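Everything below concerns the one structure shown next.
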Amino acid sequence: MKIDIKNDNGAAIARLSGEIDHHNAKELRTEIDRFIVTAQPRELAIDLGGITFMDSSGIGLIMGRSKLMKECGGRLEVLNPQPYIRRVLRLAGIERIVKIR
Amino acid sequence: MKIDIKNDNGAAIARLSGEIDHHNAKELRTEIDRFIVTAQPRELAIDLGGITFMDSSGIGLIMGRSKLMKECGGRLEVLNPQPYIRRVLRLAGIERIVKIR
Amino acid sequence: MEILNEIKFIMPSLSVNEGAARAVVSSFLIQADPTVEELSDIRTAVSEAVTNAVVHGYRHKKGNIELTVRLLPDRVIYIRVKDKGCGIENVEQAMEPLFTTAPEEERSGLGFSVMQSFMDKLKVKSTPDKGTTVTMRKRLSAHGD
Amino acid sequence: MEILNEIKFIMPSLSVNEGAARAVVSSFLIQADPTVEELSDIRTAVSEAVTNAVVHGYRHKKGNIELTVRLLPDRVIYIRVKDKGCGIENVEQAMEPLFTTAPEEERSGLGFSVMQSFMDKLKVKSTPDKGTTVTMRKRLSAHGD
Ligand SMILES: Nc1ncnc2c1ncn2[C@@H]1O[C@H](COP(=O)(O)OP(=O)(O)O)[C@@H](O)[C@H]1O
Ligand SMILES: Nc1ncnc2c1ncn2[C@@H]1O[C@H](COP(=O)(O)OP(=O)(O)O)[C@@H](O)[C@H]1O
């Protein structure tokens, strides 16, 4: 599990790689939330391009960050999910809440 | 496990890739022996460059082919073992019987 | 029913073992040569079931989780995840999409939905204070070669 | 002795499970962050012990092999491979380099030598007609970070 956050003038991108499961989600949550609260970005894109596995723990992770971004007056997006991760996202109907590109 | 044998005018090279264990060794043995008996190469080089795992089953495989090559009037060599495979070969003292390059 | 091959994997309810359970499934199923999508479906379903045992079943006390994987005839994969944790009072309700008893941990309530939609069959047996057993089956598509 | 984490992997004595056993070990040991060389040593030793159970222990009848992997304090890895096969008459002789009872299958007689030299400790307990238990330990080097 690796996370790399870049902030470009309020439009931030968090590139995740590895596997997202319940075990890893805790750590990811802490890191991303610390960034959101400190940097207060307008937009945060979570790039899933490097994620090779994700179960429903990833849904909770994305929903939770989306909520926090809203509370901070910003917006969350999801980028580049691989096909099998897209299926988990679709099952959760997450595209009704978060834009997926 | 994959094996690819090329015969260049009696000097043959068998490129192995994957893992050599007891389970895979049987199949490798059959394929290589069929080639030796049919093509009767003067020299056979077993290229271990693509092998990611090998236990003592690989020792048996190499010793056995070396013996068969000798019986057929030829000679066996081993090429490109990775460091951890070299350690298994060394433990077996195989370099006293077969040339390793 | 004839069993072609079967493994059992027993682990304590530590979250670090969720990944190990998936790896066990992948490495065992290589012999059945599933498609990338099939393997990913099964890995995801196993991850959900094992995570549930860690997060819910053994919420209050630690214990062992037993994962069984069987290769059955006709390319059917059988999976069983068993815990001796707190059990489920109302299984029907638990299986409803979005139902969760751990929203504060950001559980989405979609674990059973994922298992249901990624596998062909799902059965949940649970007894309060005794534990939960989830069994799933999926038939792999016929071989290309 | 405190056990930090422990898994058990139970498989029938089919040669295809030798690779699965190695994969189990790798995936479980990730959490201890071994060096590539250490992991390769342990995988090789496990492969030898499991193969011996398949080839020798269950030569005449099929049965289960139990692989236990423990993470102990001070970065010590404990491995146990247990079979209920034919057992070994003379353990001392069996452990001699090049001694093998299956030369026709191209066994080199180096399985125990590999276990011995790739692990820190090796213990073999065997009772004829009851089975064989091999236990091994290896201490991983201290962390870089
Ligand atoms: N092994 C289990 N032991 C006890 N309760 C469980 C178990 N698995 C599931 N449950 C209960 O069923 C609910 C729904 O499970 P699930 O659909 O996987 O969603 P989630 O795990 O996100 O809560 C859980 O919140 C929990 O109350
Ligand atoms: N699990 C076992 N059950 C019965 N016999 C065994 C077992 N493991 C080893 N042996 C005996 O010990 C001998 C030496 O084993 P080993 O050093 O691993 O070499 P190899 O497997 O190449 O024969 C074997 O040939 C066999 O006779």
Side-chain angles (χ1 to χ4, degrees), chain B residues 1-2 14 16-34 36-37 46 48-71 76 78 81-98 100, chain D residues 11-26 34-59 65 81 94-95 97-119 136:
Chain B
M1 195 61 251
K2 248 185 60 188
L16 311 190
S17 53
E19 309 198 320
I20 303 183
D21 63 5
H22 160 253
H23 178 67
N24 294 325
K26 291 179 224 169
E27 197 187 319
L28 287 173
R29 173 177 17 173
T30 310
E31 286 240 18
I32 301 176
D33 285 2
R34 190 184 316 145
I36 295 177
V37 170
I46 297 192
L48 298 178
I51 291 296
T52 54
F53 174 84
M54 187 182 104
D55 64 13
S56 74
S57 309
I59 302 296
L61 183 76
I62 292 169
M63 299 292 226
R65 306 302 67 68
S66 168
K67 197 157 154 268
L68 182 60
M69 280 298 288
K70 255 187 211 134
E71 286 169 12
L76 189 86
V78 168
Q82 299 199 18
Y84 41 94
I85 287 163
R86 205 172 269 274
R87 292 173 53 233
V88 180
L89 294 171
R90 198 173 303 139
L91 199 140
I94 223 173
E95 63 272 27
R96 277 169 295 172
I97 297 166
V98 175
I100 301 176
Chain D
M11 69 209 111
S13 55
L14 301 171
S15 66
V16 71
N17 294 331
E18 294 156 8
R22 292 195 298 273
V24 165
V25 168
S26 306
T35 65
V36 174
E37 188 175 324
E38 285 165 348
L39 184 59
S40 148
D41 285 358
I42 298 173
R43 277 165 57 88
T44 311
V46 167
S47 196
E48 298 293 352
V50 171
T51 300
N52 275 352
V54 172
V55 175
H56 306 297
Y58 292 115
R59 191 175 193 77
I65 302 167
V81 177
M95 293 179 76
L98 304 175
F99 178 85
T100 180
T101 51
E104 77 291 356
E105 290 183 47
E106 301 199 335
R107 304 307 303 161
S108 60
L110 289 169
F112 282 128
S113 307
V114 167
M115 295 180 234
Q116 195 119 48
S117 76
F118 285 11
M119 302 292 282
M136 303 182 270

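Since the model is a prediction, treat every value here as computed from it, not as a measurement. First the proteins, then the strands, lettered A, B, ... as listed; each starts at 1.
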OG (D:S47) and NE2 (B:H23) are apart, to the nearest 0.5 Å, by 11.5 Å
When rounded to the nearest 0.5 Å, the distance separating OG of B:S56 from CE of D:M115 is 8.0 Å
Review item, side-chain donor-acceptor pairs of residues 87-95 of chain B, under 3.5 Å, at least two apart:
residue: B:R87; atom: NH1; partner: D:D41; partner atom: OD1; Å: 2.6
residue: B:R87; atom: NH2; partner: D:D41; partner atom: OD1; Å: 3.0
residue: B:R87; atom: NH2; partner: D:D41; partner atom: OD2; Å: 3.3

For B:G60 and D:S108, the nearest pair of non-hydrogen atoms, with its separation, is N-CB, 4.2 Å
| task | Using only heavy-atom distances, determine whether the side chains of D:E18 and B:H22 contain a donor-acceptor pair under 3.5 Å. | result | yes
With chain B, the option among D:S40, D:S15, D:S117 that has the most non-hydrogen atom pairs under 4.5 Å is D:S15
Honestly, the part of D:V54 sitting under 4.5 Å from a heavy atom of chain B is side chain
Okay, D:T51 and chain B: the region with an atom under 4.5 Å from a heavy atom over there is side chain
- prompt: Is any NZ, NE, NH1 or NH2 atom of the basic residue among B:K26 and D:E106 found under 4.0 Å from an Asp or Glu carboxylate oxygen of the other?
  reply: no
For B:E19, the side-chain contact (heavy atoms from CB on, under 4.5 Å) test, sequence neighbours excluded, returns B:N24, B:T52, B:F53, D:R22, D:R43
